[in-house]
Asks: 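Attaching a single structure in structure tokens format; questions to follow.
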Amino acid sequence: MTTYPLYLNGQFVPSATTMAVINPATADAFAMIATVDRARLATALADAHAAFPPWRRLTGKARGAYLHRIADQVESRRDEIARTITLENGKPLAQSLGEVTMTVDHLRWFAEEARRAYGRVIPNQVDGKRHLVIKSPMGVVGAISPWNFPLVLAARKVAPALAAGCTVVLKPASQTPICAVLLAECVHAAGVPPGVFQVIVGPSSAFGDEMLSNPLCRKITFTGSTEVGRVLIRGAAASVKPLSLELGGHAPVLVFADADLDVAVEGALAAKFRNTGQSCIAANRVLVERPIYERFLEAFVAKARSLKVGDGLEPGVDIGPLFDEAGVAKAVEHVEDAVARGARLLCGGRRVPGSRGFFVEPTVLADVAPQSACMREETFAPIAPVCAFDREEEALEQANASIYGLSAYAFTTNLDRAFRLMETLEAGTIGINDGVPSTSQCPFGGVKQSGWGRELGTEGLDAFLETKHVSLGMRV
Ligand code: NAP
């Protein structure tokens, strides 16, 4: 079994301590990863600090060239990296290939954005002064990423931070660390100087504390649960550490009677079942206008039943395993809770009988009571609760009745309604007649308790830049 090293200050470093990495399709360990303690993170932050001045002095174009070379490396190892995503995360191989493709696109987008860290010249109010706004890289960044998109969500942080001129210490999720090591191999092969990018694995809470309290770490960018986000917010109070937070979601899907039914069914299916429902932007609640409710259910259930469940490495699989045993337990609990509150179970609803891995059947529930757990909490499973509504205002009120506001979807052919919805839905990303809205060039992030700040787009670069006003006195 391969033991993967960490990537510290330009070297691949083994460790006396290791941890097993589990394949969710078999529940067996397939690799080991080195782990280190908090003191080693402090050294990594110091190395990143030392690497910062020469990296920031490079032109944006030169940093962009490094990012293009990293992208070339990732692209040339596409199949191997995708296979690794499937092994450590469980998602179907086709979706892992999509994750690699999106990662390459993020790297190339920020390679190009590196040249566009524009400032401004602001007209003076009094004679003898000139005002400039300039952008400077923040410094050493601590990046913490989750397991559900182990490669692309790390790239969403690393690419803009490096483009901006920051150096990065990445802490991937402990259960999916190998993609981060493969990314480090690509960074290394691209010739990025030592200390500019590092990968470290170890105790998450202690690492969080170190990033929060160590003055060399100038920013933390985190993707994960709202619960851990709150821990970081509390910890950041002492040092007033800047945080970017990409947290949980509870996306509503609104399907109106005027929608193209085929588009709505396909869109809701993609929004719900992609990544086996373990996506922060996954559809958690499907609200359908009553005149088309039963027709929608019939078509949606037929599609859900046709999804092939299996090991993500098998051809043609649509639904892989859940990530771990806790995910299966939560999924089954959510189904049982909804049924106990009067929901109709239209398909699925169980752990796949006889499976060794963490497989749950694609599930559709109808007439789900609003107080059901699946209508309030992230289910993170292939479980679709569907309910009927009568009026647009009622649907909107239900859609916004959540502490979360990461994404929302609506299916309608009424242009007036589409504008009303995009203006009033409380979500950072809104898909109108589109179940797969994320793309490199558009900002991504949450409102309410789904987070602070934005990744991707031009905003993604700005998240790693300080804005400075320079007032220049001059002789006129
Ligand atoms: P998680 O438990 O919050 O873990 C996320 C990362 O934080 C992991 O690397 C984890 O490390 C680390 N971590 C845990 N406790 C920490 C602490 N006290 N201090 C510092 N780091 C800590 O979330 P998850 O279960 O991996 O991911 C699922 C959640 O992420 C869902 O809520 C989902 O909606 C959200 N998510 C949001 C987005 C978005 O863009 N908004 C995208 C994807 C996922 P260990 O693995 O070592 O514990």
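Both counts, for ligands and for their atoms, begin at 1 and track the order of listing.
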Asks: Who's closest to atom 48 (O) of ligand 1 heavy-atom-wise, of G202, G235, S204?
Replies: S204
Asks: Go through ligand 1 atom by atom and flag the ones less than 4.0 Å from a non-hydrogen atom of A173.
Replies: 8 (C), 9 (O), 46 (O)
Asks: For ligand 1, which atoms sit closer than 4.0 Å to a heavy atom of L406?
Replies: 41 (N)
Asks: Show every salt bridge (Lys or Arg N to Asp or Glu O under 4.0 Å) that has at least one partner inside residues 278-287, sequence neighbours left out.
Replies: none
Asks: Is there a heavy atom of F207 sitting under 4.0 angstrom from any atom of ligand 1?
Replies: no
Asks: Could you name the option among T226, T223, L245 that has the heavy atom nearest to atom 5 (C) of ligand 1?
Replies: T223
Asks: Need the ligand 1 atom indices (1-based, order shown) with element for anything under 4.0 Å from a heavy-atom of I144.
Replies: 6 (C), 7 (O), 9 (O), 12 (C), 20 (C), 21 (N)
Asks: So if I count the atoms of ligand 1 from 1 in the order they appear, which ones are less than 4.0 Å from some heavy atom of N148?
Replies: 43 (C), 44 (C)
Asks: May I ask you to check if K91 and F149 form a cation-pi contact, with NZ or CZ under 6.0 angstrom from the six-membered ring centre and within 45° of the axis?
Replies: yes
Asks: Compute the ring centroids of F197 and H188, then answer whether they are less than 6.0 Å apart.
Replies: no
Asks: I want to confirm something. Looking only at heavy atoms, which of K171, E378, Q175 is nearest to atom 11 (O) of ligand 1?
Replies: K171
Asks: Only heavy atoms count here, so choose which of G229, G248, G224 is nearest to atom 35 (C) of ligand 1.
Replies: G224
Asks: Check each heavy atom of F380 against ligand 1 and say whether those closer than 4.0 Å belong to the side chain, the backbone, both or neither.
Replies: side chain
Asks: I need the atoms of ligand 1 closer than 4.0 Å to a non-hydrogen atom of F222, numbered in the order shown.
Replies: 3 (O), 5 (C), 6 (C), 7 (O)
Asks: Find all atoms of ligand 1 within a distance of less than 4.0 Å from any non-hydrogen atom belonging to P172, and give their numbers and elements.
Replies: 9 (O)
Asks: Less than 4.0 angstrom from a charged side-chain N to a carboxylate O is my criterion; do R351 and E361 meet it?
Replies: no
Asks: Decide whether H250 and S402 meet the rule of one side-chain donor and one side-chain acceptor closer than 3.5 Å.
Replies: no
Asks: Would a distance-only check, ignoring hydrogens and angles, find a side-chain to backbone donor-acceptor pair under 3.5 Å from R218 to K241?
Replies: no
Asks: What do you reckon, does F444 put a non-hydrogen atom under 4.0 Å from ligand 1?
Replies: yes
Asks: What atoms of ligand 1 come closer than 4.0 angstrom to any heavy atom of S145?
Replies: 6 (C), 8 (C), 9 (O)
Asks: I'd like to know if the side chain of T176 reaches the main chain of P172, judged simply by a donor and an acceptor atom lying under 3.5 Å from each other, with no hydrogens or angles considered.
Replies: no
Asks: Which is closest to atom 39 (C) of ligand 1 in terms of heavy atoms, H250, E246, M19, E455?
Replies: E246
Asks: Hey, could you give me the NZ/CG distance between K330 and D337, rounded to the nearest 0.5 Å?
Replies: 12.0 Å
Asks: Enumerate the atoms of ligand 1 whose separation from the nearest heavy atom of L153 is less than 4.0 angstrom.
Replies: 42 (C), 43 (C)
Asks: Less than 4.5 Å apart, side chain to side chain, heavy atoms only: is that true for L41 and M211?
Replies: yes
Asks: Could you check atom 18 (N) of ligand 1 against the protein and tell me its nearest heavy-atom contact, residue, atom and distance included?
Replies: S205 CA, 3.6 Å
Asks: Donor-acceptor check, side chain of T276 to backbone of Q278, threshold 3.5 angstrom: yes or no?
Replies: no
